[in-house]
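Here's the structure, in structure tokens; my notes come after.
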Protein chains: 2
Amino acid sequence: MEFLPLLREIVKSYQAFDNYSAPHIKSMDLTPPQFDVIATLGNQPPMTCKSLGDKTLITKGTLTGILDRLEIKGMIERKANEEDARSQKIALTTAGQAIFEHTFPTHMQHLEKAFKQLSPQQMVDLTSALKQLRESIEKLATH
Amino acid sequence: MEFLPLLREIVKSYQAFDNYSAPHIKSMDLTPPQFDVIATLGNQPPMTCKSLGDKTLITKGTLTGILDRLEIKGMIERKANEEDARSQKIALTTAGQAIFEHTFPTHMQHLEKAFKQLSPQQMVDLTSALKQLRESIEKLATH
DNA sequence: GATTATTAGTCCTAATTAGAACTAAGTGAG
DNA sequence: CTCACTTAGTTCTAATTAGGACTAATAATC
């Protein structure tokens with residue numbers, strides 16, 4: 001049971017980050033998943049739902065609703081995929097692009113403050129330790 | 001922007017853990033928050049919603065619904081609080097206690113496997129690095 | 001080439017989520 | 001004591017969440 005403090009700390013870190021990030025995103029009239037989608041589409045060629053879901057870690061059933069709301073807000077559009085009629089290409093509209101250009105840098109600056117306390121070396125070390133743990137968890141999950 | 005890999009890794013680690021943990025909890029006919037509540041009440045004297053929410057990091061509006069469902073399942077009961085008529089004491093029923101005794105150790109064993117790859121020292125280091133980061137984030141959030 | 005299997009996305013359901021409004025009950029200042 | 005303030009929980013709403021059923025289209029196999 002010596003792993004409990006670590007587990008607890010992972011959960012609390014994640015939630016602390018969320019509690020810090022979410023109000024700022026809300027002040028831009030977006031929800032966190034909506035911002036995530038806009039940020040992922042920004043400065044990228046249009047992509048399929050599948051690809052968007054893989055990058056944002058949002059499952060397909062959830063993604064449909066998020067895209068519906070962004071479409072109503074006029075920020076994204078669904079276009080037919082020439083190469084594969086099963087799928088679509090999701091792209092930012094001009095309005096969505098403008099939102100991206102305004103909100104993305106602002107939010108990155110907001111987040112950067114939270115990480116300023118760590119040295120670059122600490123960030124590298126922490127990242128690689130978490131990665132090792134994650135990969136060992138993922139290995140088990142596929143069994 | 002050097003913090004992005006770390007941020008990404010925190011999110012992915014958290015989700016990897018969730019993806020590993022959730023199916024096992026579901027196999028015991030509970031949802032993750034329901035299990036969280038049972039585990040928090042287990043081997044503890046009855047506690048108020050407030051206290052339960054603080055420990056599980058579940059907000060009060062959410063907690064009401066989770067407790068409703070656990071009450072319907074006969075696992076918890078809400079009892080009047082003698083000392084303060086505004087609040088209640090939440091307690092495991094006999095059935096809930098039995099579920100706790102069966103599912104808690106089983107799930108701990110399941111989780112332990114995921115952390116076996118890390119040495120005790122690595123766990124301590126990782127925990128303290130995350131804690132430092134979290135505390136610096138929390139300091140900003142209170143502004 | 002026909003059949004089978006896989007893939008992409010939508011729709012549906014049950015549960016969670018945060019936050020705000022609301023009620024009831026305790027606390028504190030005068 | 002009385003009025004303002006705080007606290008505990010419920011209720012409500014809009015959005016997310018995962019997962020399964022479903023449709024349409026593509027790929028794979030024989």
Side-chain angles (χ1 to χ4, degrees), chain A residues 11 14-27 29-38 46-73 75-90 141, chain B residues 11 14-27 29-38 46-73 75-90 141:
Chain A
V11 174
Y14 180 84
Q15 292 219 355
F17 167 75
D18 223 55
N19 290 340
Y20 174 68
S21 174
H24 187 246
I25 288 174
K26 190 177 178 184
S27 76
D29 273 320
L30 289 170
T31 65
Q34 285 170 10
F35 177 81
D36 205 2
V37 166
I38 301 275
M47 64 184 76
T48 62
C49 285
K50 177 75 168 68
S51 174
L52 191 52
D54 288 346
K55 286 180 207 290
T56 57
L57 306 178
I58 297 171
T59 52
K60 62 190 167 144
T62 305
L63 192 55
T64 297
I66 294 167
L67 292 179
D68 286 348
R69 276 162 230 122
L70 285 174
E71 202 171 24
I72 290 170
K73 289 186 181 180
M75 294 192 187
I76 61 117
E77 59 183 344
R78 298 188 232 227
K79 301 188 297 189
N81 182 357
E82 311 288 326
E83 301 149 28
D84 187 337
R86 284 174 303 182
S87 65
Q88 314 157 5
K89 294 282 191 167
I90 313 297
Chain B
V11 174
Y14 179 84
Q15 292 220 353
F17 167 76
D18 222 57
N19 290 338
Y20 174 68
S21 174
H24 186 246
I25 288 175
K26 189 178 177 184
S27 77
D29 273 320
L30 290 170
T31 65
Q34 286 170 10
F35 177 81
D36 205 1
V37 166
I38 301 274
M47 64 185 77
T48 63
C49 286
K50 178 73 168 65
S51 173
L52 191 52
D54 288 346
K55 286 180 206 290
T56 57
L57 305 179
I58 297 171
T59 53
K60 60 187 170 157
T62 305
L63 192 55
T64 296
I66 294 167
L67 293 178
D68 286 349
R69 275 161 231 121
L70 284 174
E71 202 171 25
I72 290 170
K73 288 185 181 183
M75 295 193 186
I76 60 116
E77 57 183 345
R78 297 188 234 227
K79 301 189 294 189
N81 182 357
E82 311 288 327
E83 301 148 29
D84 188 338
R86 285 174 303 182
S87 67
Q88 313 159 4
K89 294 282 191 168
I90 312 298

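Proteins get letters first, then strands, A, B, ... in listed order; numbering begins at 1 in each.
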CA sep, side-chain torsions, deciding dist, call: Ile58(A), Val37(A), side-chain contact (heavy atoms from CB on, under 4.5 Å): CA-CA 9 Å; Ile58(A) 297 171; Val37(A) 166; 4.2 Å; yes

d(CG, Leu52(B); P, dT10(D)) in whole Å: 11 Å

First of Gly65(B) and Ala85(B) reached from the 5' end of DNA chain C, by closest nucleotide: Gly65(B)

d(CG, Asp68(A); P, dA14(D)) in whole Å: 16 Å

Atom-to-atom span, CG of Leu67(B) to C1' of dT11(D) - whole angstrom: 15 Å

Touch class at under 4.0 angstrom, heavy-atom based, for Asp84(A) against every strand present: sugar-phosphate

Nucleotide dA14(C), atom P - distance to NZ of Lys73(B) in whole Å: 14 Å

Interatomic distance where CG belongs to Leu63(A) and P belongs to dC11(C) [whole Å]: 13 Å

Given DNA chain D, 5'-ward residue of the pair Pro32(A) and Ala22(B), judged by closest heavy atom: Pro32(A)

Non-hydrogen side-chain atoms of Ile66(B) and Thr56(B) separated by less than 4.5 Å: no

Min side-chain heavy-atom separation Lys50(A)-Ser87(A) under 4.5 Å: no

Separation of atom CD in Glu83(A) from atom P in dT26(D), rounded to whole Å: 12 Å

Any donor-acceptor N or O pair under 3.5 Å, side chains Thr62(A), Thr59(A): yes

N/O donor-acceptor pair under 3.5 Å between Ser21(A) side chain and Phe17(A) backbone: no

Please write out each protein N/O paired with an N/O of nucleotides 17-23 of chain C under 3.5 Å, distance rounded to 0.1 Å.
{"from": "dA18(C)", "atom 1": "OP2", "to": "Thr59(B)", "atom 2": "OG1", "distance (Å)": "2.5"}
{"from": "dA18(C)", "atom 1": "N7", "to": "Thr62(B)", "atom 2": "OG1", "distance (Å)": "3.3"}

Residue whose nearest DNA chain C nucleotide is more 5′ - Arg78(A) or Gln34(B): Arg78(A)

pair Gln88(A)-Asn81(A): side-chain heavy atoms closer than 4.5 Å: no

Gap between atoms CG and C1', on Leu30(B) and dA14(C) respectively (whole Å): 15 Å

Length of the line joining Lys89(A):NZ and dA8(C):C1', which is rounded to integer Å: 13 Å

Test item: Lys73(A) and Leu30(A) side chains (from C-beta on) under 4.5 Å apart, heavy atoms: yes

Closest to the Gln88(A) side chain, choosing from dG9(C), dA25(D), dG9(D): dG9(C)

Given dG9(D), dG9(C), dT6(C), the nucleotide with the shortest approach to the side chain of Arg86(A): dT6(C)

Sugar-phosphate only, base, or nothing, as touched by Thr64(B) at under 4.0 Å among non-hydrogen atoms: base

